[in-house]
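Single-structure report; data block below.
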Amino acid sequence: MSKKDTCPPDRGTLISATDWIFAGTCIAAAVLFGVLLWTAPDGAAVTIRHEGKTIGRYLLSEEQEISVHGAYDITFRIEDGTVYVAETTCPGGQCQAQGRIFKSGDAVVCVPNEVSATVEEAAGGGVDAATG
Amino acid sequence: MQLPASRTGRLVLCGICTALALALSLLDSAVSSVFAFLPGFRLGLANAVSLFVLYYLGMPWACLVCVVRCALASVFSGQVTAFLFSIFGGFGSLCIMFLLRGRISLIKVSISGGITHNMMQLAAAALVTATPSLAWYIPPLIGSGTLTGLLLGALCRLIFERLHLRPVFDGTKTQNKEKSRVRTA
């Protein structure tokens, strides 16, 4: 057994001041990044992907429902300029708990089902405007 | 508590740590479901075991615990994607903690590992769902990784102190010099 293993423990505080500063800096960076993201403009369309393939791009201004059938069934509802998971058979149900999204760049992801919905600005690419 | 001198002793300790990590991982899954509104949020309780093994037994043993824990956790959860997520997060955080070990304090290493764990899982999610834009997930995941990393790092340090163990690489170079001065005195 090496000598350093038998040394008595430090008598100082468990979490040092520099540890608190380090943690505070990380939290501040996260908050700053969050604020920057929140200033993003509201999106105009949503792109839904399943297993790496784009299913369609839908306008947030048109109320509709889009159902995706995979390992689990999932239904997205577009309403009041927002999109959210209305129904899912996924046992975790985390995607449903994420609520409504409407900011450009925001996304709802259902990993077990490999489904995602990403809010985007309407400019460029065009919109499929398909209805569920 | 002494570091097991024989390879068999270390293997036994490694097995106990793996079982503990697996139990904590399953508990983590249950607790995380309460925080469903925070996508990808995990307490990362098993990371405390990884951190302990990394500091006490070394990187090869920590990798072994990580692989076995991830494999068994995915078998118990019944989800193949869970293995990909666990292995991405587990190995990513282990590599960062290994690189930072000895350069900064144990708690800072734990925080860095917690953040890396979450970021690697986010990368896995982007890969699985082919969704490049997941930036909105970053702030809450950095925040949760920092908080859990801080608490688990403190817990790990407390364990080392209560077991009268000193992590081999705890503290900065300056602190280590001070410790060696105290020992020689």
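Atom set for the values below is all heavy atoms of this structure, side chains included, hydrogens, waters and symmetry mates excluded. Please read these numbers as outputs of a predicted model, since none were measured by experiment. Chain A is the first sequence line, chain B the second, and so forth, proteins listed ahead of strands; every chain is numbered from 1.
The aromatic ring centres of B:Phe160 and B:Phe52 sit less than 6.0 Å apart.
Only the backbone of A:Val115 comes within contact range of chain B, with heavy atoms under 4.5 Å apart. Heavy atoms of B:Ile115 lying under 4.5 Å from chain A belong exclusively to its side chain. Proximity to chain B involves both the backbone and the side chain of A:Thr18, based on heavy atoms less than 4.5 angstrom apart. Of the atoms belonging to A:Trp38, heavy atoms from both backbone and side chain fall under 4.5 Å from chain B.
Contact check for A:Asp80 versus A:Arg100: side-chain heavy atoms found under the 4.5 Å cut-off. The shortest distance between side-chain heavy atoms of B:Phe98 and B:Arg101 falls below 4.5 Å. Counting heavy atoms from C-beta on, the side chains of A:Asp42 and A:Ser104 never come closer than 4.5 Å.
Considering only heavy-atom pairs separated by less than 4.5 Å from chain B, the leading option among A:Trp20, A:Phe22, A:Phe33 is A:Phe22. Ranked by heavy-atom pairs under 4.5 Å with chain B, the list A:Ala29, A:Ala30, A:Gly34 is led by A:Ala30. Put simply, of A:Val108, A:Val35, A:Leu37, the one with the most heavy-atom pairs under 4.5 Å next to chain B is A:Leu37. By number of non-hydrogen pairs under 4.5 angstrom with chain A, the leading residue of B:Leu147, B:Ile142, B:Ile111 is B:Ile111.
A side-chain donor-acceptor contact under 3.5 Å links B:Ser110 to the backbone of B:Gly153.
Between A:Ala117 and A:Val46, the shortest heavy-atom contact is CB-CG2, 3.9 Å.
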